[in-house]
Number of protein chains: 2
Amino acid sequence: MGKAKQPLDSALVCGHEDPIAVRELLTRVGDKWSIFLILSLAKLGGRARFSQLDRAIPGISQRMLTLTLTHLERDGLIAREVFAEIPPRVEYELTALSRSLVEAMQGLVDWVAQNWKQVSAARAEYDAR
Amino acid sequence: MGKAKQPLDSALVCGHEDPIAVRELLTRVGDKWSIFLILSLAKLGGRARFSQLDRAIPGISQRMLTLTLTHLERDGLIAREVFAEIPPRVEYELTALSRSLVEAMQGLVDWVAQNWKQVSAARAEYDAR
DNA sequence: CTGTATCCTTTCGGATACTG
DNA sequence: CAGTATCCGAAAGGATACAG
């Protein structure tokens, strides 16, 4: 094979392969609503319905919830299942692909949770000058 | 104090402490230009000048480079040093705070680098229906 | 070289009202 | 319950010209 597994060079993202596709996907997986959605779903056991997600993600509008779900489904990150009941029930589930993404997203969120106060302080100091 | 170190619960982000500040910071550190900037800087040894960064980040406009640098400096994630020379020289450096962020950002970028083709395929299939 | 300033188009995203 | 449709203001961001 000649080439072992990718060294995970960030140059792969910053200039090779398909910079535009990669950049666009990064805006998707770096988006706050996508992150909260995926992580909330993970926290809810990997599967939940619309209203559960709505309640689990503070501040999200119905519109953004719907839109984000649609995008993530299109990207293969969420599977959607509709039950023919009244009242309607729809369940969303993480896919194998998104399960592999959870850890990376969690890493970013953890950093924010640990460091946002420091950043706030830095901003206050900057603004004071 | 009385309070030991935070358990890193993602609920901390999704609903407690200061949801708005946390959400806003997440959009900052999840932003593609912030990510490329921090990671490029890391790849360049943690310190680089304006033009180097411009070249290292394909597709970024001068405006976005300047803006992102300003934001990151304000957030305490980048230190800026100006040299009184002609022609002007300005160097940017990662801070202790941003160095702790590199790994988390890299995790997200690595995921994208590894999985973007799968996502592309999922999109194609979705659009075909 | 390292920016700033301005213009202008595109996209984001909340509010609200309506539907099967 | 789980959406869709529409409106509209706000923000993102490229292009371009200019400046210290």
Side-chain angles (χ1 to χ4, degrees), chain A residues 14 19-37 40-41 44 47-75 78-93 126 129, chain B residues 19-37 40-41 44 47-75 78-93 123 126 129:
Chain A
C14 283
I20 296 179
V22 167
R23 200 162 63 214
E24 199 242 341
L25 181 52
L26 188 58
T27 72
R28 175 70 39 86
V29 301
D31 171 68
K32 64 175 176 305
W33 297 134
S34 298
I35 293 178
F36 286 151
L37 191 28
S40 295
L41 208 39
L44 292 170
R47 191 175 178 90
R49 45 196 298 190
F50 189 88
S51 50
Q52 277 184 289
L53 292 170
D54 200 11
R55 269 176 274 112
I57 307 170
I60 196 169
S61 65
Q62 194 178 49
R63 183 177 180 276
M64 288 317 294
L65 180 53
T66 302
L67 264 180
T68 307
L69 282 169
T70 305
H71 291 151
L72 294 176
E73 188 195 358
R74 177 167 179 260
D75 290 351
I78 284 210
R80 182 174 182 267
E81 187 175 4
V82 183
F83 297 86
E85 301 174 358
I86 293 179
R89 180 163 57 108
V90 179
E91 290 188 0
Y92 295 92
E93 192 174 17
Y126 182 96
R129 286 183 279 123
Chain B
I20 295 179
V22 167
R23 202 161 61 214
E24 200 241 342
L25 181 53
L26 188 57
T27 72
R28 174 72 39 85
V29 301
D31 171 67
K32 63 177 176 305
W33 296 134
S34 299
I35 294 177
F36 287 151
L37 192 29
S40 295
L41 208 39
L44 292 170
R47 189 176 179 89
R49 46 195 299 190
F50 189 87
S51 50
Q52 277 183 289
L53 293 169
D54 200 13
R55 270 176 272 112
I57 308 170
I60 196 169
S61 65
Q62 195 179 51
R63 183 178 179 274
M64 288 317 294
L65 180 54
T66 301
L67 265 180
T68 307
L69 282 168
T70 304
H71 292 151
L72 294 176
E73 187 195 359
R74 177 168 179 258
D75 290 350
I78 285 210
R80 181 174 183 267
E81 186 175 4
V82 183
F83 297 86
E85 303 174 357
I86 293 177
R89 180 162 57 108
V90 179
E91 290 188 0
Y92 295 92
E93 191 174 18
R123 284 184 191 179
Y126 182 95
R129 285 181 281 123

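A, B, ... follow the sequence lines: proteins, then strands. Residue 1 opens every chain.
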- Message: Can you tell me how far apart NZ (A/K32) and CG (A/L37) are? Round to the nearest 0.5 Å.
- Response: 13.0 Å
- Task: Measure the spacing between CG of A/L53 and OG1 of A/T66 and express it to the nearest 0.5 Å.
- Result: 10.5 Å
- Message: Is the shortest side-chain heavy-atom distance between A/L65 and A/T68 below 4.5 Å?
- Response: no
- Query: Could you state the CG-C1' distance from A/L65 to C/dA15, rounded to the nearest angstrom?
  - Reply: 16 Å
- Starting from P on C/dG3, measure out to CD1 on B/I60 and report it in whole angstrom. 13 Å
- Along DNA chain D, 5' to 3', what are the outermost nucleotides having an atom less than 4.0 Å from a heavy atom of chain A? D/dC1 to D/dT6
- Counting only Watson-Crick and G-U wobble pairs with both atom distances below 3.5 Å, the stems of 3 or more consecutive pairs that include DNA chain D are C:1-20 with D:1-20
- Query: Heavy-atom distance under 4.5 Å between the side chains of A/L67 and A/W33, does that happen here?
  - Reply: no
- Hey, is the side chain of B/R63 poking within less than 4.0 Å of OP1 or OP2 on C/dC7, counting only N and O atoms? no
- Query: For B/S61, which contact category applies under a 4.0 Å heavy-atom criterion: base, sugar-phosphate, or nothing?
  - Reply: sugar-phosphate
- salt bridge (Lys or Arg N to Asp or Glu O under 4.0 Å) partner of B/E93, the single match among B/R80, B/R49, B/R47: B/R47
- Which whole-number value in Å describes the distance from A/I86 CD1 to C/dT19 C1'? 13 Å
- To the nearest angstrom, the CZ-P distance between B/R49 and C/dG3 comes to 10 Å
- Query: Does B/R28 reach the side chain of B/L72, with side-chain heavy atoms less than 4.5 Å apart?
  - Reply: yes
- Message: Nearest 0.5 Å, please: how far is CD1 in B/I57 from CD1 in B/I35?
- Response: 11.5 Å
- Item | Rounded distance [0.5 Å steps], CD1 in B/I60 versus CZ in A/R23 | 9.0 Å
- Task: Using atom CE of B/M64 as one end and atom C1' of C/dG3 as the other, report the distance to the nearest whole Å.
- Result: 15 Å
- Query: With respect to the side chain of B/P87, which nucleotide from C/dT2, C/dC1, C/dG14 is positioned closest?
  - Reply: C/dC1
- Task: Looking at every strand, decide which applies to A/E85 at a 4.0 Å heavy-atom threshold: base, sugar-phosphate, or nothing.
- Result: nothing
- Message: Quick check for you: among C/dG20, C/dG3, C/dG14, whose closest atom lies nearest to any side-chain atom of B/F50?
- Response: C/dG3
- Task: Can you tell me the distance, in whole Å, between the CG atom of A/D54 and the C1' atom of C/dG14?
- Result: 14 Å
- Message: Rounded to whole Å, please give me the gap between CG in B/L37 and P in C/dT2.
- Response: 14 Å
- Message: Using a heavy-atom cut-off of 4.0 Å across all strands, would you classify B/Y92 as base, sugar-phosphate, or nothing?
- Response: sugar-phosphate
- Query: Would you say B/E73 and B/Y92 make side-chain contact, with heavy atoms under 4.5 Å?
  - Reply: no
- Message: From CZ of B/F83 over to P of C/dG3, roughly how many Å is that when rounded to an integer?
- Response: 12 Å
